Amino acid sequence: MFFRRSDLPLDRDPAGGFLPWIVGFMVYLAAMALAGAVFANGLIDRWRSDLTDAVTVQILPNAEGETTQDQAARVAAAVKFLTDVPGITSAAPVAHEEIVRLLEPWLGSGNIIDDLPLPALIAVHLQPDAAFNLPEIKRRLAEAVPGAVLEDHKPWLADLARLARGIEALTLLTLVLVAVASILIIVFVSRSALAQHQEVIQVLSLIGARDAYIAGQLQAYAFRLATLGAALGVALAIATIFAAAKLLGEAETNLMPELGSLSWRWLLLILPIPAAGVIAVATTRLTVLTQLRRTA
Amino acid sequence: MRFQRVGLRYGNGPEIFRDLNFTLAPGSFHFLVGPSGAGKSSLLKLLYLAIRPSAGTFSLFGRDVAGLDREEIAMLRRRMGVVFQDFRLLDHLSALDNVALPLRVAGAREEQVRSHVAELLSWVGLADHIHAPPATLSGGQQQRVAIARAVITRPSLLLADEPTGNVDDAIAVRLMYLFDELNKIGTTVLIATHNESLVQRFRHPQLRIENRGLRLTAPASRVTA
């Protein structure tokens, strides 16, 4: 379809000259939206895998001047209680240094943390698919160990799922808007080409060209321009994503999901190229056939 | 081809034809003559289905054209060759590609297209101009390209509007022999012309447009008017 011989001098169309650029920008937007969705979903997946089948127990500091040893005794009691519960595979206290590290982004690394009464944390892993009555365990734990609070992650997971669905909906909306805008511009270019080459099309028609033959010529032209534009847009998007990944990497955040583990998702970024081709061909065909019937 | 009480007018303009009744038998050869502005080109336009009659019925290759859809019209046009008065060559294509159009539109194989077209262009004296765009050709050469395009598919019906208007007499006679040859292999030919010497020399029946009607002015061996 790329190198099909054309009976129409379409390459001289001024409107056609803009098509690859406009499609390129549209595809760039679509690819960035897809990349954003892939990135966000990757992040959410990672958080979800960290949170699923796990709960956290906080041992709140006692306000009456409890010593570190007393708090450690409560932690040990809570760990013992938890490990006795069937279905709990592990219950391990989180090191004080790890708690300090987790709080550092909010409280800084100064002496403030040392002066604050921090809760002790116990990371608890549950046997996958085991049935738990978490409210009951929570109640019994609070009775057995004063100040022990079991934090269920389910509300968090539900929030994450909502967030993921929201991101997917936004991405879909962006893709639909980009597709509609592309369709409109292709309709405009097709109509413009038909008007500009009216005489040539009339000659083709008079020597026996079917409407589908004439449409085929314009389809090949639109396909070529749209896929070229889409390839440019995708290339630009990939360059932007790698630049962003590099910047995020240099910022040493741990927010960035590993690109390697998500590689199949990044293949989605190539999708706009065939999609642009299909949209261009279908839109042009429909526009040309409709217009030719109207002018008959 | 059969016209029954065919009338034609453009919009609310004056009547061009009224009650045209005639039949062209398959394989016949006619000249279409008449003064300038009488309607020769309009009659040809009716025949190649560029316009529809405003009254009466008209059938082509045994089919009433009134109910044809665009697909069927395209198929009927493939059985015709038309030489337009203004040639209607495509300026961005070479002579070869212009002549090849009807074959390509009909889906012919490319190797067949090139050999047939080159042969025909040689026959009409344009062997050295195969790759020339029409704008670089003289009026007479363009006319020969237009004729070659009209006959390349060996059509069942050939319609030509002043096909010898821009060529010298020797070429005109040569082109007329080409039309005669096509006619001998079964093509129905209708040629609109002002060239009285050709009409006299080739002694085919004449359809003369007069007073918004048609009159047969030569022996009607294969035509009834």
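Here the structure is a predicted model, which means the values were calculated and not measured. Every chain is numbered from 1, with letters handed out A, B, ... down the list of sequences. Values reported hereafter were calculated over all heavy atoms of this structure, with side chains retained and with hydrogens, waters and symmetry mates removed.
Of all heavy-atom pairs between A:A209 and B:A74, the closest is O-CB, 3.9 Å. Scanning all heavy atoms of the two residues, the minimum distance from A:I207 to B:P102 falls at CD1-N, 3.9 Å.
Other residues, nucleotides and ligands place more than 12 heavy atoms under 6.0 Å from the CZ atom of B:R88. Other residues, nucleotides and ligands contribute at most 12 non-hydrogen atoms within 6.0 Å of the CZ atom of A:F25. Atom CZ of B:R52 sits in a crowded spot, with more than 12 heavy atoms from other residues, nucleotides or ligands closer than 6.0 Å. Atom CZ of B:R114 has 12 or fewer heavy atoms from other residues, nucleotides or ligands within 6.0 Å. Residue B:Q112 places its CD atom among more than 12 non-hydrogen atoms of other residues, nucleotides or ligands, all under 6.0 Å distant. The number of heavy atoms from other shown groups lying within 6.0 Å of CD (B:E110) is above 12.
A donor-acceptor contact shorter than 3.5 Å links the side chain of B:R77 to the backbone of A:S205. At least one donor-acceptor pair closer than 3.5 Å links the side chain of B:R78 to the backbone N or O of A:G208. With hydrogens and angles ignored, the 3.5 Å screen pairs a side-chain donor or acceptor of B:H92 with a backbone N or O of A:D7.
With a 4.5 angstrom heavy-atom cutoff, B:R149 touches chain A only via side-chain atoms. Using a 4.5 Å cut-off between heavy atoms, B:L101 contacts chain A through both its backbone and its side chain. Using a 4.5 Å cut-off between heavy atoms, A:L8 touches chain B through its backbone atoms (N, CA, C, O) alone. Heavy atoms closer than 4.5 Å to chain A are found nowhere in B:M80, neither backbone nor side chain.
Atoms CD and CG, from A:E199 and B:D91 in turn, are 9.5 Å apart once rounded to the nearest 0.5 Å. To the nearest 0.5 Å, atom CZ of residue B:R70 and atom CG of residue A:L289 are 9.0 Å apart. Distance check, rounded to the nearest 0.5 Å: CZ of A:R210 to CD of B:E71 gives 4.0 Å.
Per-residue heavy-atom pair counts under 4.5 Å with chain B were compared for A:D211, A:L206, A:V203, A:I214, and the maximum is reached by A:L206.
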